[in-house]
Every structure is written in structure tokens, then in C-alpha cells.
*Asks:* 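Sharing a structure, written as C-alpha cells. Questions coming.
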Amino acid sequence: MALWTKSAFVGAFLAIVSMSAAAAADVPKLDVERTCRESAKADPTTNFDAKRCLDSEYRTRDELAGKWKDFPAADKQQCTQLATLGGTASYVALITCLEMNRDARQERAAGGSPQPSGMRKK
């Protein structure tokens with residue numbers, strides 16, 4: 001009986017670990033509705049459209065879902081924190097951060113040094 005209990009414990013532990021890994025593999029759920037609503041209310045003199053903002057955020061979330069597994073865990077964590085900084089939330093900011101980190105890493109690996117686009121090479 002002790003063997004079965006140990007085996008059951010190991011099985012349950014592995015199931016929990018795999019569920020945690022699967023959850024970590026998913027794009028985080030961000031409250032972009034709040035961000036878009038607050039942005040629309042912030043300056044009523046502009047033509048900021050909350051619906052268009054939401055459409056853009058959800059399209060970006062769908063795009064990100066297809067690429068999420070390709071980004072390193074450390075970048076995901078750092079960029080998620082950045083994309084939710086100050087109580088705002090944006091999938092556009094999240095994917096931009098992830099792609100910039102990826103591109104800078106690729107540039108360094110290729111032997112180049114990333115420069116601001118406005119800088120001239122000598």
C-alpha cells in the first residue's frame with residue numbers, strides 16, 4: 001500500500017507540474033478593456049476609439065499566441081511586467097518588447113551592435 005501511495009503522490013505531483021508548465025506557456029490575460037476605456041476617457045477632445053483600441057489589442061493577443069512559445073521565459077516575464085506597468089495593460093506593448101529583445105539578441109549574435117535607427121554608422 002505504501003508503494004501505491006508513493007506512486008499516487010508522484011503522479012499527482014507530475015500532473016500539477018505539467019499543469020503549471022502549460023499555464024506558464026500561455027499568453028497572460030491582460031485587462032486591455034480597462035486600458036482602452038480609460039484611454040478613451042482621458043482626452044475627450046480626441047477621436048480615440050475604444051472599440052478600435054480593443055480590436056487592435058485582441059488581434060495582437062491572437063498574433064502573440066502563435067509566437068509565445070518562441071520567446072525565452074525571462075523575456076516573457078520582463079516584458080509582461082513592462083506591459084502592465086502602472087496599472088495599464090497592453091498586448092501591443094508586450095509583443096513590441098518581446099520582439100525588440102529578440103531582435104537585439106539576434107543582432108548581437110550576428111556580431112553587430114544595435115543602434116538607434118536615427119544614428120549614422122561611421
*Asks:* Search all heavy atoms of A89 against all heavy atoms of T35 and return the closest pair with its distance.
*Replies:* N-OG1, 2.9 Å

*Asks:* Considering residues, nucleotides and ligands other than R105, do more than 12 of their heavy atoms fall under 6.0 Å from its CZ?
*Replies:* yes

*Asks:* Hey, what do you get for CE (M100) to CG (D75), rounding to the nearest 0.5 Å?
*Replies:* 11.5 Å

*Asks:* Write down the atom of S90, the atom of V32, and the distance for their closest heavy-atom approach.
*Replies:* CA-CG1, 4.1 Å

*Asks:* How far apart are the closest heavy atoms of Y91 and L64, and which atoms are they?
*Replies:* CD2-CD2, 4.4 Å

*Asks:* Evaluate side chain to side chain contact (heavy atoms under 4.5 Å, CB included) for E57 paired with R61, printing each intermediate quantity in order.
*Replies:* CA-CA 6 Å; E57 289 291 341; R61 180 196 58 201; over 6 Å; no

*Asks:* Give a yes or no on whether a salt bridge exists between R102 and D70, defined as a side-chain N under 4.0 angstrom from a carboxylate O.
*Replies:* no

*Asks:* Using 0.5 Å steps for rounding, measure from the SG atom of C97 to the NZ atom of K76.
*Replies:* 13.0 Å

*Asks:* What pair of heavy atoms forms the shortest contact from L98 to C79, and how long is it?
*Replies:* N-SG, 3.5 Å

*Asks:* Do you know the tightest heavy-atom contact between C36 and L54?
*Replies:* SG-N, 3.5 Å

*Asks:* With rounding to the nearest 0.5 Å, note down the distance linking CG in N101 to CG in L82.
*Replies:* 9.0 Å

*Asks:* Please step through side chain to side chain contact (heavy atoms under 4.5 Å, CB included) for the pair L94 and W68, ending with a clear verdict.
*Replies:* CA-CA 11 Å; L94 178 56; W68 188 252; 4.0 Å; yes

*Asks:* Charged N to carboxylate O below 4.0 Å: is that the case for E63 and R59?
*Replies:* no

*Asks:* If you compare all heavy atoms of S56 against all heavy atoms of V92, which two are closest, and at what distance to 0.1 Å?
*Replies:* OG-CG2, 4.0 Å

*Asks:* Can you find a pair of side-chain heavy atoms, one from L85 and one from Q81, that are under 4.5 Å apart?
*Replies:* no

